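Below you'll find the structure, written out as structure tokens, and then a few comments.
We name chains A, B, ... by the order of the sequence lines, and we start the count at 1 in each one. Given the structure is predicted, the values throughout are model-derived calculations rather than measurements.
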Amino acid sequence: MTRYTPSKIEEHWRQAWDAADTFTARRDERKPKYYVLEMFPYPSGRIHMGHVRNYTMGDVIARYKISTGHNVLHPMGWDAFGMPAENAAMAIGGHPKDWTYSNIDDMRSQMKPLGLSIDWSREFATCDPEYYGQQQALFLDFLEAGLVYRKNAVVNWDPVDRTVLANEQVIDGKGWRSGAEVERRELTQWFFKISDMAGELLAALDGLDDWPAKVKTMQANWIGKSRGLQFQFATEGAPEGFGSIEMYTTRPDTLMGATFAAISADHPLAKALAAEQSDIAAFCDECRKGATNEEAMEKAEKIGFDTGITLVNPFQHDRKLPVFIANFVLMEYGTGAIYGCPAHDQRDFEFSKKYNLDIVDVFVAEKDGRPVETEAYVPEKGETVRYIRPLAGPEVMTGFDAIDHAIAHCEAAGVGAGVEKYRLRDWGLSRQRYWGCPIPVVHCATCGVVPEKKENLPIELPYDNGNEAIDFSIPGNPLDRHPTWRDTPCPACGAPAKRETDTMDTFVDSSWYYARFTAPRAETPTNQGDAAYWMNVDQYIGGIEHAILHLLYSRFFARAMEITGHLPKSANEPFNALFTQGMVTHEIYQTRDDKGRPIYHLPEDVTDGKLADGTEVEIIPSAKMSKSKKNVVDPLNIISKYGADTARWFVLSDSPPERDVEWTASGAEAAFKHLSRVWSLSARISAMDPSTKGTDDAALTRAMHKAIHDVTMGIESFGFNAAIAKLYSFTAVLQKSKASHAAQRTAIMTLAQLMSPMTPHLCEDIWAHQGGEGLIVNAPWPQADEALLVDETITMPIQINGKRRAEIQVAADLTKEDVEKIALANEAVIRSLAGTSPKKVIVVPGRIVNVVA
RNA sequence: GCCCGAGUGGUGGAAUGGUAGACACGACGGAUUCAAAAUCCGUUGCCCUUGCGGGCGUGCCGGUUCAAGUCCGGCCUCGGGUACCA
């Protein structure tokens with residue numbers, strides 16, 4: 001008997017699918033459509049196990065849906081713009097374009113052996129001019145619709161590399177590449193007006209029933225709705241034009257405890273003062289120093305500068321609040337000005353201690369509350385407190401009620417109004433980078449900022465590396481330095497003008513690619529018919545790391561595309577169902593050098609916990625695969641050793657899909673063994689005499705229908721690991737079966753069908769050997785016969801007071817009364833009852849008997 | 001700090017309120033073999049017991065229920081997200 005040799009069969013079946021044009025998606029109104037999409041990869045050059053897991057899950061869904069009669073769209077593309085390509089060009093020379101496209105070729109050829117049911121005819125990369133040209137068209141439409149605008153914004157600026165840094169690129173306040181002290185700089189940048197949609201993006205989360213609750217919560221927190229009071233404080237001693245300052249607070253009930261105010265260094269008042277007083281200007285510069293990232297913020301000391309200006313509390317005219325400029329007040333949130341209530345806010349408390357400001361209690365704990373001494377008193381959510389300086393409402397109430405009373409009181413008194421605010425800020429899309437989609441506008445000396453004409457799109461990046469026009473070896477944006485690229489006539493007046501050299505954030509590229517897949521070659525961003533037919537994505541699958549930005553931006557884009565007529569209204573929530581899969585992890589193998597420093601070793605260099613030279617290896621528990629820890633398992637090695645089906649089977653088998661799965665050599669081995677067993681089983685059944693009569697056909701048939709039912713449920717509910725467990729069990733039953741050849745042949749063919757979404761190559765092979773019609777990928781999914789899902793006789797456990805004491809075999813359709821009789825006649829039951837008569841007997845049909853003694 | 005999640009054998013994990021530990025790994029025993037690999041069969045939560053059998057057991061404490069891993073209340077631990085957000 002020959003052995004299971006994946007290398008001999010897998011390529012053959014991939015060619016068979018190609019030859020039959022199996023996965024090319026075409027509109028067909030007669031069939032229900034199903035659009036399954038995995039988050040497209042960045043072309044780093046190598047696929048990793050995470051990709052294998054992600055795409056295998058999508059493939060299981062896609063293949064399952066094909067077999068249930070759906071017209072499936074399952075495309076793949078490349079999220080191809082971004083910094084790594086530019087960095088590679090800087091580090092090793094060459095052009096980002098060449099680097100990217102050659103990586104795409106490599107990755108495509110690594111992906112194809114996985115046997116994914118992808119419609120490769122729709123493939124595109126976001127760096128294709130055909131794609132980003134359409135993105136520029138979208139930008140222009142958004143601009144016209146008022147969804148994009150320009151404003152000044154503070155960015156992290158690396159003075160050496162002369163570039164803007166993302167927050168993650170700022171390490172200890174220094175640029176990650178140059179090591180230079182990062183500055184905050186104000187630049188004019190483009191923004192998407194996502195904040196206008198904050199309310200809707202939040203409210204619509206409710207309708208996303210098939211999204212993980214976790215992701216919805218994260219988005220809701222990110223959008224960050226708050227309710228509060230916006231009002232004005234009159235100033236004393238402020239320059240002209242600043243007779244009052246606008247404030248926003250979510251805790252208006254603490255207004256009577258206000259003892260100081262603080263404004264942002266970027267507040268108009270601060271700027272006005274800085275213009276006149278050099279010490280204030282110096283302080284404001286100090287505030288702007290350092291990066292805007294979380295880490296830097298955390299460490300920064302809270303400092304303030306007393307401006308000498310005071311505010312008058314509208315409800316307490318004798319209390320003058322000194323106005324500070326403070327480094328912890330953000331211009332971007334609220335109104336850029338706050339009042340401090342040190343008694344009930346720890347940060348305000350510390351600030352007050354530092355600058356010797358008054359602390360005025362507004363409320364105390366309801367029972368034996370004492371005034372604030374060593375730290376601010378911040379009640380818990382819903383805790384009732386006793387107001388000693390109430391603004392409005394009863395003496396004892398919760399903070400929530402107090403806020404309502406305070407807002408109502410203030411509105412009645414003509415002091416401000418209750419407002420809703422969102423934390424969500426507009427999305428800045430300008431990047432001072434080369435390898436991105438050029439922003440299609442022109443700066444004209446007379447006309448100002450002018451949109452490019454659509455007929456001039458795409459505005460292509462200059463690729464002319466050969467003549468040294470593009471130089472990546474020196475810092476800064478190469479587009480800025482290009483001798484001719486910027487020059488263009490003004491689209492409005494025709495006079496010589498300059499192109500914008502900023503490019504778009506790569507998140508823009510991935511915010512609409514799902515829509516482009518519905519008509520990847522269209523001359524417009526989308527086309528009506530295809531978008532209406534294919535949208536929405538029925539199942540989207542990807543990593544949790546994109547829970548906020550990518551998914552929120554996509555939701556914004558779908559709405560913006562609807563407003564500009566590029567998507568139907570029904571598609572403004574682009575992803576009907578979302579699944580976030582876990583990572584593939586692996587142990588880390590380490591030894592130590594003479595000085596005790598760790599040395600990491602590749603998994604393939606370690607056998608039984610030892611290196612080839614016998615050195616014992618320390619094993620560190622599973623962690624995300626990373627190059628630096630050398631715990632990366634290369635999918636290509638696994639495929640060449642065991643075949644793609646084994647890799648696919650393994651990544652689905654051991655853990656629930658949403659959780660991390662640990663790659664283990666023994667697990668991969670076990671997956672291979674199982675597939676070999678199924679293959680041999682099929683060979684054995686093929687070799688049987690077709691007239692062989694069996695003894696237990698009915699039992700095998702029942703087991704088969706249970707397997708159909710359980711595996712179907714498993715796939716439908718993303719319980720791939722559970723589905724695989726059932727497949728193991730059914731395989732064991734079939735292996736031991738003494739049924740007729742006919743029954744066994746039906747069973748192995750059904751097993752192949754149930755396994756085929758996971759291990760398609762092997763299953764095609766079995767199908768062909770058993771004489772199945774056509775390709776298994778097109779065979780209709782087997783249907784479970786409900787009548788066969790319940791055995792004729794069942795085992796029922798009997799509990800006495802909830803403890804299992806016996807079990808009985810009864811006919812499945814026996815009445816409750818008869819079951820009770822049999823149960824009470826059981827020897828073990830009689831023994832346990834010891835002569836007492838039961839108070840009550842509960843019979844759960846088909847399940848259990850509980851005797852209450 | 002705030003917001004989510006998760007805690008089940010040696011390990012990954014399974015379980016519409018109804019036999020806890022399916023399935024897999026690992027371990028142990030056996031068959032086959034000159035030997036090994038491969039394959040196959042069996043045992044495997046913990047404790048007591050020769051056995052029959054019994055007791056305990058899903059992070060901890062309490063509750064609801066005939067019945068709780070599952071529901072409720074209160075903790076503990078771990079993981080993730082997030083924040084000078086006024």
Side-chain angles (χ1 to χ4, degrees), chain A residues 3 212-222 224 226 228-229 247-252 254 261-262 264 294 296-302 326-330 332-341 345-348 350-351 378 381 421-425 544-545 547-548 585 621-622 650 653-656 658-662 664-671 673-674 676-677 680 710 713 719 721-732 735-736 795-807 828 831 838-853:
Chain A
R3 306 177 67 176
K214 185 182 180 177
V215 173
K216 289 192 279 186
T217 309
M218 283 163 73
Q219 293 221 351
N221 289 342
W222 188 260
S226 70
L229 177 75
M247 293 268 174
Y248 172 72
T249 177
T250 55
R251 292 302 305 268
T254 63
S264 164
E294 191 181 319
M297 298 284 219
E298 197 77 40
K299 284 183 191 157
E301 198 192 351
K302 289 162 188 46
N327 64 342
F328 59 86
V329 181
L330 305 176
E332 293 83 4
Y333 186 77
T335 60
I338 62 159
Y339 71 77
C341 176
D345 181 285
Q346 189 59 24
R347 188 192 58 202
D348 293 348
E350 283 161 22
F351 191 80
V378 184
K381 236 186 208 173
K421 283 206 186 292
Y422 296 92
R423 209 183 68 97
L424 184 66
R425 297 181 214 168
I544 188 76
E545 66 274 18
I548 298 176
T585 64
S622 223
F650 177 82
S653 67
D654 256 14
S655 289
E658 67 277 13
R659 249 188 264 181
D660 290 351
V661 63
E662 185 183 349
T664 60
S666 55
E669 193 75 36
K673 276 184 196 172
H674 175 74
S676 303
R677 216 174 290 136
S680 307
D710 293 347
M713 299 308 281
N721 57 327
I724 280 179
K726 301 293 180 190
L727 288 164
Y728 272 112
S729 305
F730 178 51
T731 304
Q735 209 160 17
K736 286 175 189 153
T795 304
M796 286 182 86
I798 303 171
Q799 296 183 332
I800 314 276
N801 291 333
K803 295 259 177 213
R804 197 175 72 94
R805 294 298 172 194
E807 54 182 43
R831 198 179 339 122
K839 288 198 190 93
K840 197 171 167 188
V841 179
I842 291 145
V843 178
V844 184
R847 284 274 175 200
I848 201 166
V849 181
N850 195 9
V851 180
V852 187

Measuring from the side chain of A:L330 (C-beta onward, heavy atoms only), which nucleotide among B:C85, B:A14, B:C4 has the closest atom? B:C85

If B:C28 has a Watson-Crick or G-U wobble mate with both distances under 3.5 Å, name it; if not, just say none. B:G42

For A:R804, check salt bridge (Lys or Arg N to Asp or Glu O under 4.0 Å) against everything at least two apart and list the hits. A:E807

Mind checking A:N850 for me? I need base, sugar-phosphate or nothing, with any heavy atom below 4.0 Å counting as a touch. base

Does B:C34 have a Watson-Crick or wobble mate here (both distances under 3.5 Å), and if so which one? none

Nucleotide nearest A:Q799 when distance is taken to its side chain, options B:C3, B:A20, B:G13: B:A20

Would you mind pulling out the nucleotide paired to B:G5, Watson-Crick or G-U wobble, both distances under 3.5 Å? B:C78

Pairwise N/O distances under 3.5 Å, protein to nucleotides 21-26 of chain B:
from	atom 1	to	atom 2	distance (Å)
B:C25	O2'	A:S666	OG	3.1

Give one of base, sugar-phosphate or nothing for A:V852, where a contact means two heavy atoms less than 4.0 Å apart. sugar-phosphate

Which part of the nucleic acid, if any, lies within reach of A:K736 when heavy atoms closer than 4.0 Å are counted: base, sugar-phosphate only, or nothing? sugar-phosphate

From B:A86, B:U19, B:C40, pick the nucleotide closest to the side chain of A:Q735? B:C40

If each of A:R804 and A:D660 is mapped to the nucleotide of RNA chain B with the nearest heavy atom, which maps nearer the 5' terminus, i.e. the 5' end? A:D660

Can you tell me if A:Y248 touches the phosphate of B:A86, counting only side-chain N or O atoms and a distance under 4.0 Å to OP1 or OP2? no

When you measure from the side chain of A:P656, which nucleotide among B:G13, B:C3, B:A86 comes out closest? B:G13

With the side chain of A:R3 defined as its heavy atoms from C-beta on, choose the nearest nucleotide among B:G18, B:C3, B:A38. B:A38

When you check the side-chain N and O atoms of A:S226 and A:Y248, is any donor under 3.5 Å from an acceptor? yes

Across all strands, who's sitting opposite B:U50 as a Watson-Crick or G-U wobble pair, both distances under 3.5 Å? none

How many angstroms lie between atom NZ of A:K839 and atom CG of A:N801, to the nearest 0.5 angstrom? 7.5 Å

pair_partner(B:A86), Watson-Crick or wobble, both distances < 3.5 Å, evaluates to none

Residue set satisfying salt bridge (Lys or Arg N to Asp or Glu O under 4.0 Å) with A:R251, at least two apart, ordered chain then number -> A:D253

Of the listed B:C85, B:A38, B:U16, the closest approach to the A:R425 side chain comes from B:C85

Whom does B:G57 pair with, Watson-Crick or G-U wobble, provided both distances fall under 3.5 Å? none

Which residue lies more 5' along RNA chain B, comparing A:S655 with A:E807 via nearest heavy atoms: A:S655

Could you identify the nucleotide paired to B:G18, looking across every strand shown and requiring Watson-Crick or G-U wobble geometry with both distances under 3.5 Å? B:C66

If you only use heavy atoms from C-beta on, which nucleotide in B:U82, B:G18, B:C4 is closest to the side chain of A:R423? B:U82

Check the surroundings of atom NZ in A:K726: do more than 12 heavy atoms from other residues, nucleotides or ligands lie under 6.0 Å from it? no

From the list B:C84, B:U19, B:C3, which nucleotide is the closest neighbour of the side chain of A:N221? B:C3

Write down the distance separating the P atoms in B:A37 and B:C52, rounded off to the nearest Å. 34 Å

Counting just side-chain N and O atoms, does A:R805 come under 4.0 Å of either OP1 or OP2 of B:G55? yes

Across the strands shown, which category fits A:V851 at heavy-atom distances under 4.0 angstrom: base, sugar-phosphate, nothing? nothing

Is there, by distance only and without an angle test, a donor paired with an acceptor across the side chain of A:K214 and the base of B:C4 below 3.5 Å? no

Measuring from the side chain of A:K803 (C-beta onward, heavy atoms only), which nucleotide among B:C56, B:A67, B:C85 has the closest atom? B:C56

